[in-house]
Amino acid sequence: MSDVFEKVMELAKRRGFIWPTSECYGAVAGFIDYGPLGAMMKRRVENIWRDFYVIQEGYYEIECPTIGQEAIFVASGHVAGFADKMFQCPHCSEYFRADHVAEEYCFVNAGTMSADELEARLAHEKCPSCGEVLGKVEVFNFNLMFKTTIGPGSQRTGYLRPETAQGMFTDFPRLLRFYRDKLPFGAVQIGKSYRNEISPRQGMIRLREFTQAEAEIFVHPNEKNHPKFSRYAGYTMPLYTSDAQEKKGEAVAVSMKDAVQKGLIANEYVAYYLALTHQMLVAIGIRPDRLRFRQHMCNERAHYASDCWDAEVFSERFGWVETVGIADRTDYDLKAHAEHSGTDMSVFIQYGEPKKVQRRRIVPNMSVLGKQYRQKAKAIFAALEKAEPTPNGTDVTVDGETIHIPADLFEVRDEVVEVRGEDVVPHVIEPSYGIDRMCYAVLEQAYDEDTADGETRVVLRLSPAVAPVQVAIFPLMARDGLDTIAEEITHSLHARGILAEYDDSGAIGRRYRRQDEIGTPFAITVDYDSKEDRTVTIRDRDSMKQARISIADVPEIVCALVAGSRTFASLCK
RNA sequence: GCGCCGAUAGUGUAGUGGUUAUCACUAGGCGUUGCCAACGCCUAAACCCGGGUUCGAGUCCCGGUCGGCGCACCA
C-alpha cells in the first residue's frame, strides 16, 4: 500500500525533482541531489522568500563561507554545546545521553560533570533499559558539527556551519555601518548548513546538508514594536500556544494584534514574522488548513531565547513537521561574539534630548602622583576613578597593595554633564526557514490524482509561482508550419523570462499528461486554425479547460497568469 | 548505533538452486493520428556491493551500503 510520500517521491525521482546523491557509488543517508526540476523549483521558492525578506522588508542578503574557523563556534557555544555526552550500555548495546541518565539518578550538577566523572559515577548504576549494573562505560562527546582543517598541515580547525546565522552576527559591525548606525535593521542569508545527524531519516525532512534561509533582525531591546505592524495586525491564523499544549488543547485562530495584546506572543516583532511566514508559506502553495504555529514549551526553548515558535506544516506521512522557527534570541549571540572577539557589538543610540546627569569625578593631581609612584601611577589613576573619597583622602588597592592617597592629591568635582545617548547591544529576532522541508511540503501537498476520461491522471497542482516549467508549447502536429509557429511562441516567452518548454513528441494527450505530472500550470497548443487567424488554445492544468487567445497576446497573458495578476477563468468568455 | 523488514531495466513488478531473467508503463525511431496517457512495427534498458556454500546463486548463508518501520538521537 503506497501512501502519498511514496508516490510523490517516486514521481520526484523519475521526473527529476529529487535524486539520491552519488547514486553510482551508493547513496549516503542525509544527502540528496536536486534534479533539473527540483533545483528550478527550489530556486523559485528561494526567490519568493527573497520577495518577502529582501524586497518587502528591505533586509539585504549577504553570503558567508560555509566553513568557519573554530573561534566562531566556540563563541556561539556550538563547540561545547552542540555536542551530547553519550554512552553505550555494554550489556544491551543501547545508547543513552549520559547527562540525562545521570539526572535520573539525581547526581548533583549532572549537566556540568566531565566525561570522566560521569563514567566513574555511572559505573555503579543500573542500565535504564536492561537493568544490569553498567560497570565500565565509555562516555564520549558526539558533536553534531562536521569538523575539517584549514590549510595544509592541519594546523587550523574549521567547522562546517550548523546554521547560517553566525555569519550575520560576525558581520554585525560592518552591517551596522552599512545601515548607517541605526536600529532596527536586518540581514539575511540563504545557503547550505551542515549537521552530522546520528541517524537521518525521512527523506528530505532531516538532512545532513540542507538549505536554510535565515533573517537576523537587530532591534532595540526596549523597542520591540514593529514599525509596520499594521500590515499584519489584523492577520489571523492558528496559534498553538504552550498553554494550549499543556492543557492538551488545540490551535486557535487569533489575530496578531490580539495575540500580542493578550501576551500570547512576546512582542510585535515576533508576531509580525509569524504572520509574514504564514503569508509566504501560503504563497508557495501550502494549504492554510495544514499550517499552524506552535509555541515552544519553556523546557524545549533554548536558554537564551525569550520566545520561540515553529511554523508546522501537516504532512500525511510525517504529521506536523516543523518547517520554520521564529525566535527572539535576545542579545545572546552578539554579547557572546563581543566577549570572545573583543569587538564592540553595540549600537550608540542617541537620546531625543541630551540628558543632564549629575556626576562626581575624581581628578588626580597627575604631576605629584606621577613623580611619587612612577610605574604604579597609571594603575593608581585608574583605581582613583572608582574610589570613594573622604575628607581624609582615600584608599586604593593596586596589585593587592593598599595605598593611601591624601585628599590634597586629588580634586573631587561634582559636575553636570550632558549624555547624548547610550551603547545598546541589540536583540535579535530570527526567522529561520528550512528550504528543503518547504520544498517537500510543497510537493506532497501538490500531489493529486484525478480521473480524466476514465483514466487516472497524476497531476502536481503546483502554484504557478513555484512550478519549474511555467508553460508548455505544443504544435498539434510537428509539420505544416505548426512547429514553426510553436517555436516562435516559445521564443517570445523566453524573451519575457518565462520557462516555456516546446514538445512535439507523441499524441497531444500524452504531452498534456507529461506536463501535468511535473506541475506545468499552462499549455499552449498550435493547431491548423492558428495558421488562419493567428490564435492558439491555452489550457489550464487543473480544470483542463481551454481558451482561445491571440498569438500576439500570449507573452502578456502568460506573464499575468504566472504572476497571479490574472485568472484563467477571466480568459474564458 | 541496535532490532525487524526490504533492494530485479528510467518507474512499478514476476521469478521452485538449473535455457537467452517475466510483464506493464515509460523512453527513443518510423508510420498513423488532428486537442487530453489511441494504434501498429522496431529499438534501448535491470538481478545494490563484497565474500561464502554449490557442478551451478537473482534465488541459500555471512558482511557492508541504501531505504522503510520501531527504539535512541534531533542544541
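In what follows, every chain begins at residue 1, and chains take the letters A, B, ... in the order their sequences are listed.
Only the C1' atoms considered, B:A14 is 12 Å distant from B:C47, to the nearest whole Å. For the C1' atoms, the distance from B:C66 to B:C48 is 8 Å, rounded to whole Å. To the nearest whole angstrom, the two C1' atoms, one in B:G10 and one in B:A46, are 10 Å apart. Nucleotides B:U20 and B:A45 place their C1' atoms 16 Å apart, quoted to the nearest Å. B:G12 sits 29 Å from B:G3 when the C1' atoms are compared, rounded to a whole Å. Across the C1' atoms, B:U8 and B:U13 are found 9 Å apart, a figure rounded to whole Å. B:C71 and B:C61 have their C1' atoms separated by 28 Å, given to the nearest Å. Separating the C1' atom of B:G17 from that of B:G56 is a span of 8 Å, rounded to the nearest Å.
The environment of CD in A:E556 is sparse: at most 12 heavy-atom neighbours from other residues, nucleotides or ligands sit within 6.0 Å.
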Between A:D516 and A:R541, is a salt bridge (Lys or Arg N to Asp or Glu O under 4.0 Å) present by the stated rule, with each step listed?
CA-CA 6 Å; A:D516 288 341; A:R541 175 196 67 206; 5.9 Å; no
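Remark: C1' of B:C39 and CD1 of A:I508 are 17 Å apart, rounded to the nearest angstrom. If you take CZ of A:R541 and C1' of B:C35, they are 19 Å apart, rounded to a whole angstrom. A:R510 places its CZ atom 9 Å from the P atom of B:A37, with the value rounded to the nearest Å. In this structure, the CG atom of A:D504 is 10 Å from the P atom of B:C30, given to the nearest Å. The CE atom of A:M9 sits 17 Å away from the P atom of B:C66 (whole-angstrom rounding). Atoms OH (A:Y25) and P (B:G64) sit 23 Å apart, rounded to a whole Å. One atom, CD of A:E23, and another, C1' of B:G67, lie 12 Å apart when rounded to the nearest Å. For A:F522 and B:C36, the CZ to C1' distance is 17 Å, given to the nearest whole Å.
Checking A:S193 against A:E163 by side-chain atom types alone, no donor-acceptor pair falls below 3.5 Å. Under 3.5 Å, the side chains of A:D243 and A:T241 contain no donor-acceptor pair of N or O atoms. Side-chain contact check for A:T525 and A:Y512: at least one donor-acceptor pair (N or O, by modelled atom type) lies under 3.5 Å.
Each of A:P162 and A:V28 lies near RNA chain B, and the nucleotide nearest A:V28 is the one positioned closer to the 5' end. Checking A:D480 against A:G30, the closest nucleotide of RNA chain B that is more toward the 5' end is the one next to A:D480.
Across all strands shown, B:C62 is found opposite B:G50 as a Watson-Crick or G-U wobble partner, with both distances under 3.5 Å. Nucleotide B:G17 has no partner under the Watson-Crick or G-U criteria, as no pair reaches both atom distances under 3.5 Å. Using the Watson-Crick or G-U wobble rule with both distances under 3.5 Å, B:G12 pairs with B:C23. Base pairing of B:U32: no nucleotide in any strand meets the Watson-Crick or G-U wobble criterion (both distances under 3.5 Å). Here B:A37 sits opposite no nucleotide as a Watson-Crick or G-U wobble pair (both hydrogen-bonding atom distances under 3.5 Å). Across all strands shown, B:G67 forms a Watson-Crick or G-U wobble pair, both distances under 3.5 Å, with B:C5.
Side-chain proximity of A:L476 to the nucleotides B:A37, B:A38, B:G34 is greatest for B:G34. For A:R539, the side-chain atoms get nearest to B:C36 when compared with the rest of B:C36, B:G67, B:C35. Among the nucleotides B:C36, B:C66, B:G28, the one closest to the side chain of A:A29 is B:C66. Across B:C36, B:G10, B:G12, the shortest atom-to-atom separation from the side chain of A:R14 is found for B:G10. For A:R479, the listed nucleotide lying nearest its side chain is B:U33; candidates were B:C35, B:U33, B:G28. Closest contact between the side chain of A:R514 and the listed nucleotides B:G68, B:C35, B:A27 involves B:A27. Looking at the side chain of A:E10, the nearest of the listed nucleotides B:G12, B:C35, B:A37 is B:G12.
Counting only heavy atoms from C-beta outward, the side chains of A:K7 and A:V458 never approach each other to under 4.5 Å.
Residues A:T164 and A:E214 share a closest heavy-atom pair of OG1-OE1, 2.5 Å.
Under 3.5 Å, the side chain of A:E197 and the base of B:C74 form no donor-acceptor pair of N or O atoms. Side-chain N/O atoms of A:R206 and base N/O atoms of B:C73 include a donor-acceptor pair closer than 3.5 Å.
A:R511 has no side-chain polar atom (N or O) that falls below the 4.0 Å cut-off from OP1 or OP2 of B:G34.
Per the stacking criterion (ring centres < 5.5 Å, plane angle < 30°), A:Y528 stacks onto the base of B:G34.
When heavy atoms are screened at a 4.0 angstrom cut-off, A:V79 is found touching no nucleic acid atom at all.
No cation-pi contact links A:R294 to A:W320, judged by a cut-off of 6.0 Å to the six-membered ring centre and 45° from its axis.
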